[in-house]
Amino acid sequence: MAGEAFQTARGTRDVLWPDSWQMEQMRELTLSWARRYGYELIETPILEKSGVFLRLGEATDIVQHERYRFVDCSGDDLTLRPEGTAAVARAFLQHGLGDREEPVRLCYFGPMFRRERPEAGRFRQHTQFGAELYGSHSPLADAEVILLALSVVDAAGLTQPEARINSIGCADCRPQYRQALIEYFSEREAQLCDDCQARLHQNPLRLLDCKVDVAIRESAPDVESFWCNACRDHIHAVMALIEEAGRRVVRDRHLVRGLDYYTRTVFEVGHPRLGSQVALFGGGRYDGLTASLNGPAVPAVGFGMGIERLLSALPQPMTRPVTLRIYVAHLPGAERDGYRLAQRLRAEGLETDTDLLDRSLKAQLKDAGRRARLAVIVGGREWEQGAVVVRDLSRGEQATVGTHELLSYLRTKIQEDRG
RNA sequence: GUGGAUGUAGCUCAGUUGGUUAGAGCACCAGGUUGUGGCCCUGGGGGUCGGGGGUUCAAGUCCCCUCAUUCACCCCA
């Protein structure tokens, strides 16, 4: 009875070496850039009470049918986080982080869960890096988070991202625009696709990014002509700041984004190599989110970035720099001596492998040739005289070195290797 | 969620109109070298042909279901 051969659940994956190394690098890269901008790392639970995410949007797939929501054995209604912003907002309120006067900058890096149909670059569990900036109404804040995200993309080695931006207005001007859209689309309701008909009164802005009714949306009213003066100044200032920083961004009047909490600025950045996975990162301003989580209204902007997508968009995979590894090989009878020596080298901070199978010297060196740059051979005549053989595997040269000077010899070799 | 494609060894793939014990390259292991890797030679291990059911004397090959991956939608990171 063999039984079921278990596999990872659909849309999830094991991250094996060296992919795991790449993830590690991306975590370091993204968080170190966030630190440069003054963002503090926050880690929130993967599980939240479902209410945290329920206000994200009545008409969004992420909330409607892509969530992993369940009731646990004690009756708690829980959800695996589908995105970071709402969870960070909850933490912001819970810990009274807004009690300070100055802006609060927070960043995160971790797994998100959405029950989508998997594809290349779309997973049910994926990793997001994100940053959230609380406490500033200024366009300087919007530009800062976008510039941070673009810096990260740049630092990862991805050139020419395609950045699109829009403003969907504020509480003063959005209602009029919304009304105008409802009127416009209602007149053409019969021609709309099923999804759009359903969304027409719930969230008419979403009809703008429908790809089915392209002709209809093209002549739909542009939000630009409804912006109040403050909104107009805001988006212009944000775009100017980004361009002054030497980054390219274009306004896309159809960009609205799925989550309902956005106000004014929304942005999305893609890359041609991503194909149908539109977004590398996306975000916007969400001045109303804290209030919808029953807290005080605090202005905020932020973004989420898909790490797997960023990695897949890179022109070449990141390669691990070769470090000088040492392989301790042993001659017959010196197995324990080699084992002890390896321990000592590790304690001195050297990356060291050694044989665990009591193999022939030939087999050990073959293994060493694959994984290490230097082989230290323990045993035999030299060992009896208090010395070992150090073989440089890339050059094919070797020397006999006394055990008491082995460490300094190896360190010298490492220096040469770096120079 | 909708429609299409694919699924043979660790990896990349062959496998002819259904027909004996399912192959190659790379990788892995051993020997050729009593204490020395990378090249070469010889040999070796490894596959329920994604899984289940059906048609047939006979199925990797045909049919159905299922799982997984993937492409286009949908949507997003």
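Labels below follow one simple rule: chain letters A, B, ... track the order of the sequence lines, proteins then strands, and each chain is numbered from 1. Values in this document were obtained by computation on a predicted structure and should not be read as measured data.
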Discussion item. Under a 3.5 Å threshold, yes or no: a donor from one side chain and an acceptor from the other, between A:R340 and A:Q343?
Written reply: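 Short answer, no.
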
Worksheet entry | Any side-chain donor near an acceptor of the partner, A:R251 and A:N166, under 3.5 Å |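 Present: a donor and an acceptor within the cut-off.
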
Pull out every protein N or O sitting under 3.5 Å from an N or O of nucleotides 28-31 of chain B, one pair per line with the distance.
unit_1	atom_1	unit_2	atom_2	d
B:C28	OP1	A:R370	NH1	2.5
B:C29	OP1	A:R370	NH2	3.4

Practice prompt. Specify the residue among A:A9 and A:G380 whose closest nucleotide of RNA chain B lies further upstream toward the 5′ end.
Written response: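 Upstream on the strand: A:G380.
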
Fill in: First of A:R10 and A:A279 reached from the 5' end of RNA chain B, by closest nucleotide
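Counting from the 5' end, the first nearest nucleotide belongs to A:R10.
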
Discussion item. Counting distance alone, no hydrogens or angles: does the base of B:G35 have a donor or acceptor under 3.5 Å from a partner atom on the side chain of A:Q364?
Written reply: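 Looking at the base of B:G35, it does not pair with any donor or acceptor on the side chain of A:Q364 (distance under 3.5 Å).
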
Discussion item. Any donor-acceptor pair, under 3.5 Å, between the side chain of A:R122 and the base of B:C75, if you only look at N and O atoms?
Written reply: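 Yes.
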
Fill in: Partners passing salt bridge (charged side-chain N to carboxylate O under 4.0 Å, His left out) against A:R122 (at least two apart in sequence or in another chain)
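Residues passing salt bridge (charged side-chain N to carboxylate O under 4.0 Å, His left out) with A:R122: A:E116.
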
Salt bridge check, [Y] against [X]: does any charged N sit closer than 4.0 Å to a carboxylate O?
X	Y	result
A:R36	A:E144	no
A:E351	A:R325	yes
A:R248	A:E243	no

Please list each protein N or O that sits under 3.5 Å from an N or O in nucleotides 5-8 of chain B, with the distance.
none

Worksheet entry | Minimum-distance nucleotide (side-chain atoms of A:L331 versus B:A77, B:G37, B:G35) |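 The closest nucleotide is B:G35.
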
Practice prompt. Would you mind telling me which of B:U69, B:U36, B:A77 lies closest to the side-chain atoms of A:E116?
Written response: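 For A:E116, the side-chain atoms sit closest to B:A77.
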
Under 4.0 Å between any heavy atoms, over every strand shown, what does [X] touch: base, sugar-phosphate, or nothing? Just pick one.
X	answer
A:A120	sugar-phosphate
A:G283	nothing
A:S394	base
A:G130	nothing
A:E397	nothing
A:G121	base
A:E268	nothing
A:Q398	base

Fill in: Non-neighbouring partners of A:H271 that pass side chain to side chain contact (heavy atoms under 4.5 Å, CB included), sequence neighbours left out
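A:H271 satisfies side chain to side chain contact (heavy atoms under 4.5 Å, CB included) with A:L158, A:R273, A:L274 only.
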
Grab the [atom1]-[atom2] distance between [X] and [N] for me, whole Å please.
X	N	atom1	atom2	answer
A:L280	B:A77	CG	C1'	8 Å
A:R325	B:G37	CZ	P	22 Å
A:E119	B:C73	CD	P	9 Å
A:D392	B:G37	CG	C1'	12 Å
A:L158	B:A77	CG	P	17 Å
A:R373	B:G37	CZ	C1'	15 Å
A:Y262	B:A77	OH	P	6 Å
A:Y327	B:G38	OH	C1'	15 Å

Item to complete: Classify the ring geometry between A:F129 and A:F109 as parallel (under 30°), tilted (30 to 60°) or perpendicular (over 60°).
Response: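 Tilted: the ring planes of A:F129 and A:F109 meet at 30° to 60°.
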
Item to complete: Give me the ring orientation class for A:F281 and A:F267: parallel if the planes are under 30° apart, tilted from 30 to 60°, perpendicular past 60°.
Response: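 Ring orientation, 0 to 90° scale: perpendicular.
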
Discussion item. Would the distance check show the side chain of A:T403 and the main-chain N or O of A:G386 forming a donor-acceptor pair, the cut-off being under 3.5 Å?
Written reply: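 It does hold such a pair.
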
Discussion item. Any side-chain to backbone donor/acceptor pair from A:E48 onto A:L80? Under 3.5 Å, distance only.
Written reply: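 Between the backbone of A:L80 and the side chain of A:E48 there is no qualifying donor-acceptor contact (under 3.5 Å).
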
Worksheet entry | Whether over 12 other heavy atoms sit under 6.0 Å from A:Y37 OH |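 More than 12 heavy atoms, drawn from other residues, nucleotides or ligands, come within 6.0 Å of this atom.
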
Fill in: For RNA chain B, the residues among residues 299-315 of chain A that have a non-hydrogen atom under 4.0 Å from it
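Under 4.0 Å from RNA chain B: A:G304, A:G306, A:R309.
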
Item to complete: Go through the structure and list residues passing side-chain hydrogen bond (donor to acceptor under 3.5 Å, both in side chains) with A:D392, not counting sequence neighbours.
Response: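 A:D392: side-chain hydrogen bond (donor to acceptor under 3.5 Å, both in side chains) contacts with A:S394, A:K413.
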
